[in-house]
Amino acid sequence: MNETSSRSWAGALFKFFHSVKLAIVLILIITFTSIISTLIPQNEKISFYLETYSKFTSWFILTSGFNSFFKSYLFIVPSVLFFINLSVCTFDRLKVRIKRKAKKRFGPDILHLGLLVLIIGGIITFAGRQEAFVRLAVGEKANLTGGYEIILEDFKFLKYESGRPKDWISTVRLEKDGKVIHEAFPIEVNNPLKAGNKNIYQ
């Protein structure tokens, strides 16, 4: 009785994670929530959300984890479920391919294995990454982790002749423990300042 129930439970679980419909639903969830997260400033202080949004919206953002999306259950749980779903489908497909006597083609399986590695790397990277934001006016400074201090020396907003934005250049001085690391480094959109294991973007 117990053995039959265990097999039935295992079979239902396998069928659930072997479903293509589940994969589609999980992809839609991850895509939809990721799009929403791009509209919400990440990793700000709680007071920022309380002052910027309405009472209900700020409560929803903080409760759901949208303020730190890639470390929240909103991202991690669907990603882990998708990983399990893709793993079950991939290894079941491999098992069937190996048993067949016909010519074996493993192209799709290699692609799936690559996606699995990509998912693992993405979860580890986003879950372990630390972010912080500071707002500076010219002449102001801020303390960063690791003993660094950053000073904004100049800021330029360049435009094309048509008036369209061309570039933003933040010239900063970076110091560590009182010693100057970078005297006047221009941080641009695709040119961050590297300080140890940190990347400083504008």
Excluding sequence neighbours, so at least two apart, what forms ring-ring contact (aromatic ring centres under 6.0 Å, His included) with Y49? none
Does F32, at its CZ atom, have more than 12 non-hydrogen atoms belonging to other residues, nucleotides or ligands within less than 6.0 Å? no
To the closest 0.5 Å, what do you measure between CG (N85) and CZ (F17)? 8.0 Å
Residues 52-63, side-chain donor-acceptor partners within the protein, below 3.5 Å, at least two apart:
unit_1: T52; atom_1: OG1; unit_2: F48; atom_2: O; d: 2.6
unit_1: S54; atom_1: OG; unit_2: T57; atom_2: N; d: 3.3
unit_1: S54; atom_1: OG; unit_2: T57; atom_2: OG1; d: 2.8
unit_1: S58; atom_1: OG; unit_2: S54; atom_2: O; d: 2.9
unit_1: S58; atom_1: OG; unit_2: K55; atom_2: O; d: 3.0
unit_1: W59; atom_1: NE1; unit_2: T63; atom_2: OG1; d: 3.3
unit_1: T63; atom_1: OG1; unit_2: W59; atom_2: O; d: 2.6

K141: which residues meet the side chain to side chain contact (heavy atoms under 4.5 Å, CB included) condition with it, sequence neighbours left out? E149, I151
Partners meeting salt bridge (Lys or Arg N to Asp or Glu O under 4.0 Å) with R164 (sequence neighbours left out): none
With a 4.5 Å limit on heavy-atom distance, are the side chains of Q42 and S37 in contact? yes
Does atom CD1 of I46 have more than 12 heavy-atom neighbours, drawn from other residues, nucleotides or ligands, at distances under 6.0 Å? no
So how far is it from L152 CG to E140 CD, rounded to the nearest 0.5 Å? 8.0 Å
Just how far is it from atom CG of L174 to atom NZ of K198, taken to the nearest 0.5 Å? 10.0 Å
ILVMFWY cluster, F14 and F91 together (side-chain gap under 4.5 Å): yes
Could you tell me the separation between the OG atom of S64 and the CZ atom of F69, rounded to the nearest 0.5 Å? 9.5 Å
OG/S34 to CZ/F70 distance, rounded to the nearest 0.5 angstrom? 5.0 Å
For T33, the side-chain hydrogen bond (donor to acceptor under 3.5 Å, both in side chains) test, sequence neighbours excluded, returns none
F157: partners by ring-ring contact (aromatic ring centres under 6.0 Å, His included), with sequence neighbours left out: W168
Exam field: side chain D154 to backbone T171, donor-acceptor pair closer than 3.5 Å: no
In terms of hydrophobic clusters joined by side-chain contacts under 4.5 Å, are F83 and Y73 together? yes
Which value, rounded to the nearest 0.5 Å, describes the distance between I40 atom CD1 and I36 atom CD1? 7.0 Å
Partners passing side-chain hydrogen bond (donor to acceptor under 3.5 Å, both in side chains) against E153 (at least two apart in sequence or in another chain): R173
Got a sec, which pairs hit salt bridge (Lys or Arg N to Asp or Glu O under 4.0 Å) with one end in residues 27-39, sequence neighbours left out? none
Linking I/L/V/M/F/W/Y whenever any side-chain heavy atoms sit under 4.5 Å apart, do V172 and I169 land together? no
Which residues pass the side-chain hydrogen bond (donor to acceptor under 3.5 Å, both in side chains) test with S68, sequence neighbours left out? N43
Side chains of residues 18-31: which donor-acceptor partners sit under 3.5 Å, not counting sequence neighbours?
unit_1: H18; atom_1: NE2; unit_2: D92; atom_2: OD2; d: 2.9
unit_1: S19; atom_1: OG; unit_2: K21; atom_2: N; d: 3.1
unit_1: S19; atom_1: OG; unit_2: L22; atom_2: N; d: 3.2
unit_1: T31; atom_1: OG1; unit_2: I27; atom_2: O; d: 2.7

Hey, could you give me each pair passing salt bridge (Lys or Arg N to Asp or Glu O under 4.0 Å) that has a residue in residues 177-192? Not counting sequence neighbours. none
Does one hydrophobic cluster hold both Y201 and L193, with members joined at side-chain heavy-atom distances below 4.5 Å? no
Who are the side chain to side chain contact (heavy atoms under 4.5 Å, CB included) partners of K166, not counting sequence neighbours? L158, Y160
I need the minimum non-hydrogen distance between A195 and Y148, along with the two atoms involved. C-OH, 3.7 Å
